[in-house]
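Worksheet: one structure, shown below.
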There are 2 protein chains.
Amino acid sequence: MLSQRRKDMASQTEENYLKALYSLSVGKIEVNISELSAALNVSNPTVNSMVKNLKTKGLVKYEKYKPLSLTEKGRKAAALIVRKHRLTEMFLVEKMGFGWEEVHEIAEQLEHVSSSKLFDRMDELMDFPLVDPHGSPIPDRNGNISESAYEPLSKFSVGRKVKLAALGHSSTEFLKFLNSRELSLGTEIEIKSIEPYDGSMVLSYQNRASETFTQAVCESLLVERVG
Amino acid sequence: MLSQRRKDMASQTEENYLKALYSLSVGKIEVNISELSAALNVSNPTVNSMVKNLKTKGLVKYEKYKPLSLTEKGRKAAALIVRKHRLTEMFLVEKMGFGWEEVHEIAEQLEHVSSSKLFDRMDELMDFPLVDPHGSPIPDRNGNISESAYEPLSKFSVGRKVKLAALGHSSTEFLKFLNSRELSLGTEIEIKSIEPYDGSMVLSYQNRASETFTQAVCESLLVERVG
DNA sequence: AAAATTTGTTAGAAGACTCTAACATATTAG
DNA sequence: CTAATATGTTAGAGTCTTCTAACAAATTTT
Ligand SMILES: [Mn+2]
Ligand SMILES: [Mn+2]
Ligand SMILES: [Mn+2]
Ligand SMILES: [Mn+2]
């Protein structure tokens, strides 16, 4: 028997739209059609018609030629998908021995599994982690999320000691790059010097006395002050 | 970005057809269109067109008005889906504390995740189990499966001591029924008496001195001789 | 303010998967 | 062997998700 999704549930495609909209909404409320198409890698007309569809389902607010936003119902639905995604990533790293650079693609598929019990069980087995392997917060069972207030390393000045708490983005390439520099979450870092010309930073951490990182990289290293 | 399936891979729908065909092929080679439609809960014309599609992909052998069968390529593809399904079920039971009656629906969705690494990792973490929680054998990475030669309990006579090794089917209702009788895989059973009228059996096992089971149930209890 | 550019919409179509109604073939019963 | 029944196929359509081409509105530049 083909296991079909309940009719009142969002399809896998709809879920991906909601999740993309949710991610793009961080720090602002409204999102353009074009931003969504770029994020999802589909054409503008495709997004346009899907947005109309999500509007009839009460998941997004939208008027012709205006930017769109999630309704409260849509926001919660999206947060619950993000919850599944991040719990999965954490489970794969903590309980199954995957590297933080390997888990996103798998979680992208697992996040659509319709069994809250599976994810609540992961949560329980990990003793209710607050963040995923990349430092992003995990929404609770009600879709509530605690926005973390970490700052990019690039904002700090020479001599400052900080701890790596999260990443601004977590592409496989970036994660592999950080692996190659032995830099992981929780690592304490001291800013040894800053190149005025291009903003690159020389850092000292663990057994690495002076590693240079470009400004772009330092903007994606989210840290908290230490000491 | 919408994570799209590679073009050369079977869709989730196609995978479900292959798996159903595979299950229906146990003990015979050829399967009717109608058997497949019944198993998948879709109409005959739907199966008819999907079968044509699977034929062009070299996954099934089929001629108009004739029964169909899997090609070697189709057989292997199906076995690998079954592998994912059964490894998932075993992982959910062994490593995540689910009951054997809870795992099928979840595995039905997880079996379509395209990451051999995820399933090979489950396999490794469980130390390469040979069977799933219902006693069905798990195909290896090459799609090879060792057909088990257990016999239905109904075939045996009074006084025989056997061990429950697998189930003929594993519907949630049946599994809950077995739970209610405290009957699980590995349990040693002795046949105390058989009712000639309807073939029902009185069994003794563990701390249950005389439990009666209908013939239908005993046909679905696959056992091996003991002592 | 007009022109150029960017952004968004509509129209029309296609592929994947599904259905029902109607028709064709094969099998089974008399 | 014919008639009845069961099984399989074709035709035509609908939903979902996607596309391209053409057009419209909004924004930015000059
Ligand atoms: Mn991720
Ligand atoms: Mn996804
Ligand atoms: Mn199963
Ligand atoms: Mn399935």
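Letters A, B, ... are given to chains in the order of the sequence lines, protein chains preceding strands, and every chain is numbered from 1.
Between A:Arg5 atom CZ and D:dC16 atom C1' there is a gap of 13 Å when expressed in whole angstrom units. Summarising the geometry, the separation between CD on A:Gln12 and C1' on C:dA16 is reported as 15 Å, rounded to the nearest angstrom. With rounding to whole Å, A:Glu15 atom CD is found 15 Å from D:dC16 atom C1'. Per the geometry, CG belonging to A:Asn32 stands 11 Å off C1' belonging to C:dT6, to the nearest Å. The NZ atom of B:Lys52 sits 7 Å away from the C1' atom of D:dT9 (whole-angstrom rounding). Taking atom CD1 of A:Ile33 as the reference point, atom P of D:dT18 lies 14 Å away to the nearest angstrom. For A:Glu35 and C:dT7, the CD to P distance is 9 Å, given to the nearest whole Å. Regarding A:Glu63, its CD atom lies at a distance of 16 Å from the P atom of D:dA25, rounded to whole Å.
Side-chain contact between A:Phe91 and A:Asp123 is absent, with no heavy atoms from C-beta onward closer than 4.5 Å.
Remark: A:Arg181 qualifies as a cation-pi partner of A:Phe213 under the 6.0 Å distance and 45° angle criteria applied to the six-membered ring.
The aromatic rings of B:Phe174 and B:His169 lie parallel to each other, with less than 30° between the two planes, well short of the 60° mark.
The side chain of A:Tyr17 approaches D:dT18 more closely than any other nucleotide in the set C:dA11, D:dT9, D:dT18. Nearest nucleotide to the side chain of A:Ser43, out of D:dT10, D:dT20, C:dA26: D:dT20. With distances taken from any side-chain atom of B:Lys64 to the nucleotides C:dC17, D:dT10, D:dC19, the minimum falls on D:dT10. Considering only side-chain atoms of A:Tyr65, the nucleotide from D:dA26, C:dT10, D:dT17 that sits closest is D:dA26. The listed nucleotides are C:dT10, D:dT17, C:dT18; the one nearest the side chain of A:Asn48 is C:dT10.
Base engagement by B:Ser49 is indicated by at least one non-hydrogen atom pair under 4.0 Å involving a base atom. Looking at heavy-atom distances under 4.0 Å, B:Thr46 makes contact with a base. Heavy atoms of A:Ser34 sit under 4.0 angstrom from primed sugar atoms or phosphate atoms, though from no base atom. Looking at heavy-atom distances under 4.0 Å, A:Lys66 makes no contact with the nucleic acid at all.
In terms of position on DNA chain C, the residue among B:Pro45 and B:Asn53 whose nearest nucleotide sits closer to the 5' end is B:Asn53. Nucleotides of DNA chain D nearest to B:Asn44 and A:Glu14 differ in position, and the one nearer the 5' end is that of B:Asn44. For the pair B:Pro67 and A:Lys57, nearest-nucleotide mapping onto DNA chain D gives the more 5' position to B:Pro67.
The shortest distance between the side-chain N/O atoms of A:Ser11 and the OP1/OP2 oxygens of D:dT17 is below 4.0 Å.
Counting non-hydrogen atoms of neighbouring residues, nucleotides and ligands closer than 6.0 angstrom, the CD atom of A:Glu147 exceeds 12 such neighbours.
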Stepwise salt bridge (Lys or Arg N to Asp or Glu O under 4.0 Å) check, A:Glu14 with A:Lys57: CA-CA 11 Å; A:Glu14 290 166 334; A:Lys57 297 196 173 171; 2.6 Å; yes
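Here CG of B:Asp132 is found 8.5 Å from CG of B:Leu185. Values are rounded to the nearest 0.5 Å.
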